[in-house]
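Read through the structure below, which is laid out as structure tokens, and then see the notes.
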Amino acid sequence: MKAKLRRLLSWEGLLLAILVLVAAVNANLAPAYVSLNNQINLFQLSIEKIIVALVMTFIIINGEIDLSVASVMGLAACIVAVLFDRGVPMEWAIVVALLAGVLCGAFNGFWVAYVGLPSLAVTLAGMIGFRGVARILIEDRSIGGFPAWFTALGQQPLIGPFPFSLILFALLFTLALIVLQYSGVGRLVYVIGHNAAVARYSGIDVPRLKLGLFIASGLVAALAGVLLAARLGAVRGNTADGFELDIITMVLLGGVSIFGGTGNLAGVGLSILVILNLRNGMSLLNVTGNVQTGVVGMLLILSVLLPNLAQMARERWQRRAVQRKEVQTGVETSVSS
Amino acid sequence: MQATKRHLFFAVTLIIALLLAACTPQSQTPAPTSAPAPTSAPAPTSAPAPTTAPTGGVVSATPGLDINMILLPKFLGIAVFDQAYEGAKEAHAELGNKGNLIFTGPTAENSVAGQIETLTNAATQGVKAVMLSNNAGDQIAAAAQAAQAAGVKVVTWDSPIPSAQGESVFVAQVDFNETGRVMADMALSILGPQGGEFAILSASPDAANQNAWIASMKQVLAEPKYANLKLVDTVYGNDQSEESYNQALALVDKYPNLKLIMAPTTVGIAAAAKAMTDEGLCDKVKVSGLGLPSEMASYTLSGCAPQFALWSFKDLGYLTYYLAYGLATGQLQGVEGERFNAGRMGSYTIEKDPTRPNGLRVLMGPFTVYTAENVNK
């Protein structure tokens, strides 16, 4: 009974409650919300971001951050477009774009893991640098006119009503869930995130794991960039610009600590659902973009503040309890003497 | 073990929540309030065949139908888009539309994704027409095509979809070729016959209207009359005041002989005029382009921006509304040669867009050139 109560009071429980509330309000105010078509649209409109959020969860739990993901997405999209524009077959263009993602990730990973620079600085440089390369490649143009099979990948249903990218997300989510929560590698991600020094002295190859995570981040971001190009059917230099903040928002709201070591994919999955459903509901009710951004921002502020405030309150309460006990024992000793 | 169980519990809850959300049958939902009135003619679902050219009558829309419509600007917080909304509201009231006219838009930072989102959700909401000032280039074409397939008419205004895919008709504020000539004439009149160096401060590299105007201006500049006007650079301020302001100052630093900044965007021209005024450069570098009289009056009177041009955005919103209403009610098919009545503005014809191979347009026009004499009128 007590365990159940605690579960409800956990961060995930709170998110679930918010999700139910959001869904109920949406369904009441906007009847079209519950249609299957809308539910698919709601994922489809942000599918690239939520795919990258999965790997970002690993990075942040590991105690690092990757600000360059959106730039890698943009770079991959630009590479696909530019190569296609020059007559390279689309299949090869995609392979080159994914390889570029791996390279970007390896670049970030090398400086963070083997040189020991803070990931905030390294990936900030990557964010600007990779975007710069993308803009140099594509200049001020907008490239489109991709082959039909490629755009269908991002726009048409593949199995039943579900488009390719949504199925891919479901598979990646399952894979990430198994790796992070039920495998040895996942345990290492937590251990290193909790205390990298202890992990190193325990004989764990910390740099190798960190490098691996950043490469995975680059690869997944590049994949998401290719998917974005397929969905939009046209690419320009600022494609995916600013997505990194939305992605990090999803992970932090999911209860993953920015200091590393805590959080889980269930929370991130719920936070993704909360944000997407909230945005979708506001959009269906014609709430303007300014207000939408404000509401999601408030949510993030609360998600950072609430757990910390709760922690502070708990500590203060415990300290008081200890003090009270001390006072009581003090009284007893004085009486007896 | 405890942790494992907990994660499993949430994974299962998540899946159940997903299934519940996805599987609710559509038939259980209450009838949407936005259902089209039974009186409205069914909108044609297939693309209009070019052979069905109408026989020449001017279509006057039947007022009082129930048509939900969205006016979707590039983003919020720009004065001219608010003026377009004023015009659309006027038409909305005149036609006695029982449905809603919704004015909504994304933030500037989220413009592309936001426009795509609104267009995608329009079909879900039962909206019958979206009036779009496109800021996403061809990146919005897929979403526009999907919306059309779901029965939403997409009418563009101010800025079209470059490929015209997914777009019914574009309401062009002025002839794009005329814009180039008007800008070239203003430059010539400001710089005089001896001419000099000038630069263009545009909005974004992907804004179809800006690019078409700049291209047409370059064409006009090739004529011998404009031989002394030397275009040295084109820069982009993304319709953000601060970015445009900085770009204007950067131009002055980069080209010491610069005499004029031509900004075919209301945000750009105001920012450039402010930058020149702030830095005391007005005697050396003049500003011109497309601007709002309310924002430009002080600069025009001070001589910093002696001439600029514009059309009425209110009229643009008004005309766009009449066209979108006609298309959404099925009274207009959206084919070349069709004529329709646009209230106080008279009748207009749908024609081939000379700037886009597959596009249709309705041409509003004409330009007003503002100087110190008429800017405060």
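Labels below follow one simple rule: chain letters A, B, ... track the order of the sequence lines, proteins then strands, and each chain is numbered from 1. None of the values given here were measured: they were computed from a predicted structure.
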**OP:** Below 4.5 Å from any heavy atom of chain A, which atoms of B:Ser163 appear? Answer side chain, backbone, both or neither.
**Re:** neither
**OP:** Mind checking the NZ-CZ spacing from A:Lys49 to A:Phe243? Nearest 0.5 Å is all I need.
**Re:** 4.5 Å
**OP:** Output the distance between atom CG (B:Leu71) and atom OH (B:Tyr321), rounded to the nearest 0.5 Å.
**Re:** 10.5 Å
Original post:
If you measure from CG on A:Asn264 to CD on A:Glu12, what distance do you get to the nearest 0.5 Å?
Top reply: 4.5 Å
**OP:** Report the option among A:Gly154, A:Gly144, A:Ser283 that has the most heavy-atom pairs separated by less than 4.5 Å from atoms of chain B.
**Re:** A:Ser283
**OP:** Heavy-atom distances under 4.5 Å only: say whether B:Asn110 touches chain A with side chain, backbone, both or neither.
**Re:** side chain
Original post:
Does B:Ala141 offer a backbone N or O that forms a donor-acceptor pair with the side chain of B:Glu167 under 3.5 Å?
Top reply: no
Original post:
Where on A:Asn290 is there a heavy atom nearer than 4.5 Å to chain B: the side chain, the backbone, both, or neither?
Top reply: both
**OP:** Output the option from A:Asn238, A:Thr293, A:Leu45 having the highest count of non-hydrogen pairs under 4.5 Å with chain B.
**Re:** A:Leu45
Subject >> Approximate separation, where rounding is to 0.5 Å, of B:Thr234 OG1 and B:Leu251 CG >> reply: 9.0 Å
Original post:
Taking the side chain from B:Asp239 and the backbone from B:Ala203, do they hold a donor-acceptor pair closer than 3.5 Å?
Top reply: no
Original post:
Given that the side chain runs from C-beta out, which part of A:Val287 has a heavy atom under 4.5 Å from chain B: side chain, backbone, both or neither?
Top reply: backbone
Subject >> A:Val235, part contacting chain B, at a heavy-atom distance under 4.5 Å >> reply: backbone
Subject >> Under 4.5 Å from a heavy atom of chain A, the part of B:Leu76 involved >> reply: side chain
Subject >> side-chain contact (heavy atoms from CB on, under 4.5 Å) between A:Phe43 and A:Leu273, worked out >> reply: CA-CA 9 Å; A:Phe43 281 101; A:Leu273 286 178; 3.5 Å; yes
Subject >> Which of B:Gln165, B:Gln145, B:Glu117 touches chain A most, by non-hydrogen pairs under 4.5 Å >> reply: B:Glu117
Subject >> chain B contact via A:Thr288 - side chain, backbone, both or neither, heavy atoms under 4.5 Å >> reply: both
Original post:
Which bit of A:Leu284 is near chain B, if near means a heavy-atom gap under 4.5 Å: side chain, backbone, both or neither?
Top reply: both
**OP:** Please round to the nearest 0.5 Å and tell me the distance separating atom CD of A:Gln155 and atom CZ of A:Arg231.
**Re:** 9.0 Å
Original post:
By a 4.5 Å heavy-atom criterion (distance strictly below it), what part of B:Phe75 contacts chain A: side chain, backbone, both, or neither?
Top reply: neither
